[in-house]
Amino acid sequence: MNIKYLYLIFTVMASALLMTGCQSLDEDPRADLTPGTYYKTPQEMEGTIASMYRVLCPDDAWGYIAWQAAWFGSDDLSTVPGSNKEDGRDFDRLQGSASNGWMSNLWNGAWKAIYQANAILTSIDNVEYNSESDRNAAAGQAYFIRGMCYFYLVRTYGDLPIVNGSVDISERPDRDPVSSVYEFILSDLTQAEAYLPETWPGQPGKANRFAAKAMLADVYLSLTGWPMNQTENYAKAAEKANDVIQAGKYTLVPNYGDVFKTNNNSECIFALQYNTAGGLPRRSTGQFACPNDEHSAAGDEGWHDFCTEITFFRNAPKCERTDETFLTELKILKNGEWHIIPWDKMAEAGNTDDIGTNYQHPWYKKFRYGVAASGSTAGDGVNETEELIVKMNPSTDKTLDLIRYPFVLLHYAEASAMAGGGPTAASYEAINTVRRRAGLPDLTPGLSQTAFRDSVVYERAYECAGENGIRWFDIVRLQMLPQILAERVKGTWTENQFWENELNPNYTSGQGLQTRYLAPIPQGEMERNPNWKQNPGY
């Protein structure tokens, strides 16, 4: 269908390109303003392609932790009580509302990029390319980004308007059913797979053919569970993931912690690019991931925007990956001296010399890093040594890795096992490759189909902990909220009653859970589209 576009995008585009680009491309601000008529040369089109990637990157899009707000109901994400983190806390307690401020980052960022993709696809026939392959490569990027953005949106919000045409701010299109949205996503990503080249030498951040295949594997796996329950798509998910594996283009970074200290490394299949000096910092790592117990030698304080849940941490496997993932000892500066304090240490009552932590809570270690060398004074992430914190920064140049190779391996492991009568040798090898890098032994052979799937889901939870809603989407797909909430309640303890157990009793007891698998449509969009019906439960 060819529906005109939504009012929500039009007002934000005029200033979107007035900053330095993030995808190693030259951008042209004019490319954002007159789609369908302006573009005549490949260089002009490249400006719009750069803009399409870039609009996903800022704070008010996917560059700040708020873009994950709707997924805080998962067990791998939490945040501190009160403060200015209440929007995250609301979803953490499964009580997010349509007026939640954080939620707009995911929604608006995705729609801005969809707008840009539509501008490219509407105008590309006006551009005189040297070859058909060059034209296809440009179009393929637009198909990929549009399909990817719709994929994040449909899993988060359900029914959506399918928009693939030009702008008309007077239109108020209906929301199309999830099944139609998935058909649109598959069409876009299949076209991207056909059009995109395998590599973009010297141009990190551009989507390639393997990114499209990996995203298709994710889409097909998502279709096997709630709400579509199309189990025949396991085989298609396995096929697309295996295409990436067999190509031999990607390998795991030997040390798990180094994944989060390096950009565009050997396992990065697709990532958004950042450049603090160029005016585009990533602001969901570094100081944001530090507790306010911690201060740097320069006087910076942790902003404690997000962390993990206690039960999720306690259920983690004992391995090198867990050591690199979670911060279990805090560096606390008191009276001019540094102290290494366990995360669960409480100060002795009445003893002003005793040092405890403010929240008795584990934090994420892997998100503290930027890409500057450990201990340096460069303005990138948390720069620290084993004994002290040199400097904390809220801005980093670290890429936002949306597709990593281990994600593909685990998709293949699960999908190949579920497509047939159980796990094959290749299924085992895929998950064991991830486990060996983590410092874990190979998975026990001879598992049943269900036991093997559950093992893969568990492995994915900790391989991708805190990353881009990956854990939440497994919870939704497999309808795992009742067991997640049961574990959450079981894992709370007296000293932390204000943490994970601040749940509405109805949800703790398992009532009404299905309505909380979807987030509410943002209130502003409901007001602009009075014919829309809000998602159930909000």
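For CD of Glu232, the number of neighbouring non-hydrogen atoms (other residues, nucleotides, ligands) closer than 6.0 Å is greater than 12. Around CG of Asn130, the count of heavy atoms belonging to other residues, nucleotides or ligands within 6.0 Å does not exceed 12.
Counting only distance, with no hydrogens or angles, the side chain of Asn136 and the backbone of Tyr195 share no donor-acceptor pair below 3.5 Å. The main-chain N or O of Val253 is found under 3.5 Å from a side-chain atom of Glu267 such that the two form a donor-acceptor pair. At distances below 3.5 Å, not a single donor-acceptor pair connects side-chain atoms of Asn468 with backbone N or O atoms of Ile470. Listed for the Asn275 side chain is a donor-acceptor partner under 3.5 Å among the backbone atoms of Gly278. A donor-acceptor distance shorter than 3.5 angstrom exists from the side chain of Lys366 to the backbone of Ala465, with no hydrogens or angles considered. At distances below 3.5 Å, not a single donor-acceptor pair connects side-chain atoms of Ser123 with backbone N or O atoms of Ile120. Gln449 contributes a side-chain N or O that, together with a main-chain N or O of Gly420, makes up a donor-acceptor pair within less than 3.5 Å.
For Lys213 and Glu193, the salt-bridge test passes: some basic side-chain N is under 4.0 Å from an acidic carboxylate O. In summary, Glu525 and Arg528 engage in a salt bridge, as defined by a charged side-chain N under 4.0 Å from a carboxylate O. Under a 4.0 Å N-O distance rule, the pair Glu414/Arg453 does not qualify as a salt bridge. Comment: Arg471 does not engage Asp474 in a salt bridge, judged by the lack of any side-chain N to carboxylate O separation of less than 4.0 angstrom. For the pair Arg89 and Asp92, the salt-bridge criterion is met [side-chain N within less than 4.0 Å of a carboxylate O]. We find that Arg460 and Glu467 are not joined by a salt bridge, their nearest charged nitrogen and carboxylate oxygen being 4.0 Å or further apart. Looking at Arg93 and Glu86, a side-chain N of the basic residue comes within less than 4.0 Å of a carboxylate O on the acidic one, giving a salt bridge. The pair Asp60-Lys112 meets the salt-bridge criterion, since a charged nitrogen lies less than 4.0 angstrom from a carboxylate oxygen.
When all heavy atoms of Thr156 and Ala70 are compared, the pair lying nearest together is CG2-CB, 3.7 Å. Residues Ala417 and Phe452 approach most closely at CB-CD2, 3.5 Å, considering heavy atoms. Here the closest non-hydrogen pair linking Gly147 and Asp188 is N-OD2, 3.7 Å. The two residues Gly109 and Leu56 make their nearest non-hydrogen contact at O-CD2, 3.4 Å. Across every non-hydrogen atom of Trp71 and Leu106, the tightest pair is CZ2-CD2, 3.6 Å. In terms of heavy-atom proximity, Pro394 sits nearest to Phe288 at O-CE1, 3.0 Å.
In this structure, the side chains of Asn118 and Arg146 come closer than 4.5 Å at one or more pairs of heavy atoms. Residues Leu189 and Tyr143 fail the side-chain proximity criterion, which asks for heavy atoms closer than 4.5 Å. Within the 4.5 Å cutoff, side-chain heavy atoms of Pro58 are placed close to those of Leu280. In this structure, Arg282 and Asp397 have side chains that are not in contact, with every pair of non-hydrogen atoms separated by 4.5 Å or more. Side-chain contact between Val371 and Lys261 is absent, with no heavy atoms from C-beta onward closer than 4.5 Å. For the pair Met103/Asp87, no side-chain contact is recorded, criterion being any heavy-atom separation below 4.5 Å from C-beta on. The side-chain heavy atoms of Val434 and Leu410, taken from C-beta on, include a pair separated by under 4.5 Å. Under the 4.5 Å side-chain criterion, counting only non-hydrogen atoms from C-beta, Gln287 is in contact with Trp303.
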Task: Tyr150 and Trp111: CA distance, side-chain angles, deciding distance, ring-ring contact (aromatic ring centres under 6.0 Å, His included) verdict - done: CA-CA 9 Å; Tyr150 263 108; Trp111 281 113; 5.5 Å; yes
- [ ] Evaluate the criterion side-chain contact (heavy atoms from CB on, under 4.5 Å) for residue pair Thr41 and Glu128; output intermediate values, then yes/no.
- [x] CA-CA 6 Å; Thr41 71; Glu128 297 179 2; over 6 Å; no
Task: Candidate pair Tyr405 and Thr251, rule side-chain contact (heavy atoms from CB on, under 4.5 Å), full reasoning - done: CA-CA 7 Å; Tyr405 184 52; Thr251 59; 5.6 Å; no
TODO: Begin from the C-alpha positions of Phe72 and Asp90 and carry the test side-chain contact (heavy atoms from CB on, under 4.5 Å) through to its verdict.
DONE: CA-CA 8 Å; Phe72 264 66; Asp90 282 347; over 6 Å; no
Open item on the list: As a quick check of understanding, evaluate salt bridge (charged side-chain N to carboxylate O under 4.0 Å, His left out) for Glu46 and Lys206, giving each step before the final call.
Closed with: CA-CA 11 Å; Glu46 282 294 292; Lys206 282 190 169 186; 3.2 Å; yes
Task: Step-by-step side chain to side chain donor-acceptor pair (under 3.5 Å) determination, Ser427 to Thr424 - done: CA-CA 5 Å; Ser427 308; Thr424 65; 3.0 Å; yes
- [ ] Start with the C-alpha gap between Leu252 and Thr433, add the side-chain angles, then the distance that decides, and say whether side-chain contact (heavy atoms from CB on, under 4.5 Å) holds.
- [x] CA-CA 9 Å; Leu252 298 186; Thr433 298; 3.9 Å; yes
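Of the N and O atoms on the side chains of Tyr64 and Asp305, at least one donor lies less than 3.5 Å from an acceptor on the other residue. There is no side-chain donor-acceptor pair under 3.5 Å between Ser416 and Tyr234. At a cut-off of 3.5 Å, with distance as the only test, a side-chain donor of Arg175 or Asn535 sits close to an acceptor on the other residue. Side-chain contact annotation: Tyr412 with Lys240, donor-acceptor N/O pair under 3.5 Å absent. For the residue pair Ser395 and Thr276, no side-chain donor N or O sits within less than 3.5 Å of a side-chain acceptor on the partner. Judged by distance alone, the side chains of Ser187 and Thr190 never bring a donor and an acceptor atom under 3.5 Å apart. Thr285 and Thr396 form a side-chain donor-acceptor contact under 3.5 Å, judged by distance and modelled atom types alone. A side-chain N or O of Asn264 and one of Gln273 form a donor-acceptor pair less than 3.5 Å apart.
The distance from the CZ atom of Arg516 to the CG atom of Leu94 is 7.0 Å, given to the nearest 0.5 Å. Taken to the nearest 0.5 Å, the CG atom of Leu481 stands 9.5 Å off from the CG atom of Asp75. Distance check, rounded to the nearest 0.5 Å: CZ of Phe91 to OG of Ser74 gives 13.5 Å. Atom SG in Cys268 sits 9.5 Å away from atom CG in Leu400 (nearest 0.5 Å).
Proximity of the aromatic rings of Trp62 and Tyr152 is defined here by a centroid distance below 6.0 angstrom, and this criterion is met. Aromatic pair Tyr462/Phe312: ring centres closer than 6.0 Å.
The aromatic rings of Phe270 and Tyr53 are tilted relative to each other, their planes meeting at an angle between 30° and 60°. The aromatic rings of Phe306 and Phe367 sit tilted, their planes meeting at an angle between 30° and 60°. Ring geometry for Tyr517 versus Trp472: interplanar angle of 30 to 60°, hence tilted.
The side-chain tip of Arg155 points at the ring of Phe473 from less than 6.0 angstrom away and within 45° of straight on.
The ring-ring contact (aromatic ring centres under 6.0 Å, His included) test with Tyr157 singles out one residue from Trp532, Trp107, Phe151, and that residue is Trp107.
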